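Treat the numbers as computed from the prediction; the structure is a model and nothing was measured.
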Amino acid sequence: MLNLLFAILWGPDQRRFWLRVLVVLAFGMIFWGLWLSFSDKLNERKDYLVSLNDIEIRETPDWIPATFIEEAFDRRPLGKDEVLNILDPRLGQKLALVFESHPWVERVDSIRTEFPAHILADIRFRKPVAFVAAPKEHYAEGAFPVDANGVLLPTDFFQKNQQLLNEFLWIEGIKSIPMGSYGDFWGDPLVVEAAMLAEFLSSDRANLGIKKIVLLSGSDEKSGQYNLLTEKGQKIQWGTFPMPVSLSGNRDAAAREKFTRLKKEVYQKQNPKLVKLCKMAQQYGSLDGVPEKERAFDVSMLGEN
């Protein structure tokens, strides 16, 4: 039995087969050893080692600090003996984790490595849409910036550039305090709702002169009633901000319809001639019916834009 097995495994043809296998294995081990030796030398070459100065962020908004990269690595430092090498297949994942630890980062879209050692990162940064006036009994700072999702944002940039505070809407009437630190959700659905409303109004805020979003007292804990306050002291009833009932909900359409009515109301209050024009439009049946000589100003402000 053993002789038969030996003859099958070690006959003339089989010997040639096993010899080829041994030759391939031998050459494989030689090349593997050479590669290990060569790769160790590559890992030590400066052309492959990445320093913080070799990292480039494609686009950074004005409110992102110049020390953003250093701050990110301070928040999530590398291991004791860990280095950044463009040959490391996990380098992109490591850098993404570092950047996403920073409160200004919403997400990392891509990390691209280049030779010699250079990193190009595409990062989506959070955008401030409003300042939430903090309850005076809890904070003396005044207000905190938030993005459209109600995420609490760092205040350093705005403390150094306080002239920019008037470029944002202010949210008043919030009674809660932040539940986490910078980069975390505020923890109050009313803050999220008011921040979404601020984002919705942001493109027309300057034209309409809207300065504040005021949460009315007695609002439901999950859905608020809001007034808008203009720079001239006008108080405009907004009511509730339509929230989506699903991911494909019609919040924007409902809010846009309400915003169109709001725009008419604001312009009418700011320009008494518009009130007269509206009455004349009723008299003549439509805006188109109003005689041209009666139109002393642009009536497009009453449109759906």
Colleague: Applying ring pair (Phe, Tyr, Trp, His ring centres under 6.0 Å) as the test, list every pair that has at least one member in residues 72-99; sequence neighbours left out.
Modeller: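 Pairs touching residues 72-99 that pass the test: F68-F99.
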Colleague: Taking the side chain as every heavy atom from C-beta outward, state whether W186 and V192 have any pair of such atoms under 4.5 Å apart.
Modeller: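 In short, these two side chains do not touch, never coming nearer than 4.5 Å.
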Colleague: Do I64 and L120 sit in the same hydrophobic cluster, where Ile, Leu, Val, Met, Phe, Trp and Tyr count as joined when their side-chain heavy atoms come under 4.5 Å apart?
Modeller: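 Each belongs to a different hydrophobic cluster.
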Colleague: Do the side chains of T230 and I236 get nearer than 4.5 Å, heavy atoms only?
Modeller: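 SC-SC contact between I236 and T230 confirmed.
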Colleague: Of all the heavy-atom pairs spanning A72 and S101, show the shortest one and how long it is.
Modeller: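 Scanning both residues, the minimum pair turns out to be O-OG, 3.6 Å.
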Colleague: Would a 4.5 Å heavy-atom cut-off, applied to side chains only, mark P154 and W63 as touching?
Modeller: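 Counting from C-beta outward, P154 and W63 never come under 4.5 Å.
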Colleague: I'd like to check Y226 versus T240 (side-chain heavy atoms, cut-off strictly below 4.5 Å). Are they in contact?
Modeller: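 The answer is no, as the side chains (C-beta and beyond) never meet within the 4.5 Å cut-off.
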Colleague: Any chance you could lay out the salt bridge (Lys or Arg N to Asp or Glu O under 4.0 Å) test for D147 and K127, step after step, and finish with the verdict?
Modeller: CA-CA 5 Å; D147 73 356; K127 179 182 178 180; over 6 Å; no
Colleague: For K94, does the NZ atom sit with more than 12 other heavy atoms under 6.0 Å from it, leaving out its own atoms?
Modeller: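 Result for NZ/K94: enclosed.
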Colleague: Are V146 and V214 in one and the same hydrophobic cluster, where Ile, Leu, Val, Met, Phe, Trp and Tyr link if side-chain heavy atoms are under 4.5 Å apart?
Modeller: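 No, it is not one cluster - the side chains of V146 and V214 are not joined through contacts under 4.5 Å.
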Colleague: Do F131 and W170 have their ring centres less than 6.0 Å from each other?
Modeller: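 Here the rings of W170 and F131 have centres that are less than 6.0 Å from each other.
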Colleague: Locate the shortest heavy-atom distance separating N227 from K235; write the atom from each residue and the value.
Modeller: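 Answer, listing the atom of N227 first, then K235: ND2-CD, 3.5 Å.
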Colleague: Could you tell me whether D62 atom CG has more than 12 heavy atoms of other residues or ligands within 6.0 Å of it?
Modeller: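 Counting neighbours around CG of D62, 12 or fewer heavy atoms of other residues, nucleotides or ligands fall under 6.0 Å, so no.
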Colleague: Using a 4.5 Å cut-off on heavy atoms from C-beta on, say whether the side chain of R112 contacts that of E114.
Modeller: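 A side-chain contact under 4.5 Å exists here.
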Colleague: L52, Y48: one ILVMFWY side-chain cluster at the under-4.5 Å cut-off?
Modeller: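 Linked within one cluster.
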Colleague: In chain order, what residues pass the salt bridge (charged side-chain N to carboxylate O under 4.0 Å, His left out) check against E172, with sequence neighbours excluded?
Modeller: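 In terms of salt bridge (charged side-chain N to carboxylate O under 4.0 Å, His left out), with neighbours along the sequence ignored, E172 is linked to K212.
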Colleague: Within a strict 4.5 Å, meaning less than it, do heavy atoms of the L78 and L84 side chains meet?
Modeller: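 Sidechains of L84 and L78: in contact.
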Colleague: Quick check on E59: does its CD atom have over 12 non-hydrogen neighbours (other residues, nucleotides or ligands) under 6.0 Å away?
Modeller: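 Incorrect, the count does not exceed 12.
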Colleague: V191 and S176: which non-hydrogen atoms are nearest, and at how many Å?
Modeller: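 Closest pair (atom of V191, atom of S176, distance): CG2-OG, 4.2 Å.
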Colleague: Would a hydrophobic clustering, with Ile, Leu, Val, Met, Phe, Trp and Tyr connected at side-chain separations under 4.5 Å, put V129 with L169?
Modeller: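 No, no single cluster joins them.
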Colleague: Yes or no on side chain to side chain contact (heavy atoms under 4.5 Å, CB included) for I119 and D54, after CA distance, side-chain angles and deciding distance?
Modeller: CA-CA 6 Å; I119 301 295; D54 297 321; 5.7 Å; no
Colleague: Could you tell me if the side chain of R75 sits less than 4.5 Å from the side chain of P103, heavy atoms only?
Modeller: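 Yes, at least one pair of side-chain atoms sits under 4.5 Å.
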Colleague: Report the C-alpha distance between N149 and F185 in whole Å, list the side-chain angles of each, state the deciding distance to 0.1 Å, and finish with yes or no for side chain to side chain contact (heavy atoms under 4.5 Å, CB included).
Modeller: CA-CA 8 Å; N149 296 312; F185 289 100; 4.0 Å; yes
Colleague: Between L216 and I213, is there shared hydrophobic-cluster membership here, with clusters defined by ILVMFWY side-chain heavy atoms closer than 4.5 Å?
Modeller: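 Unlinked, L216 and I213 end up in two clusters.
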Colleague: What is the distance from atom CZ of R76 to atom NE2 of H102, rounded to the nearest 0.5 Å?
Modeller: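 The NE2 atom of H102 is 14.5 Å from CZ of R76, to the nearest 0.5 Å.
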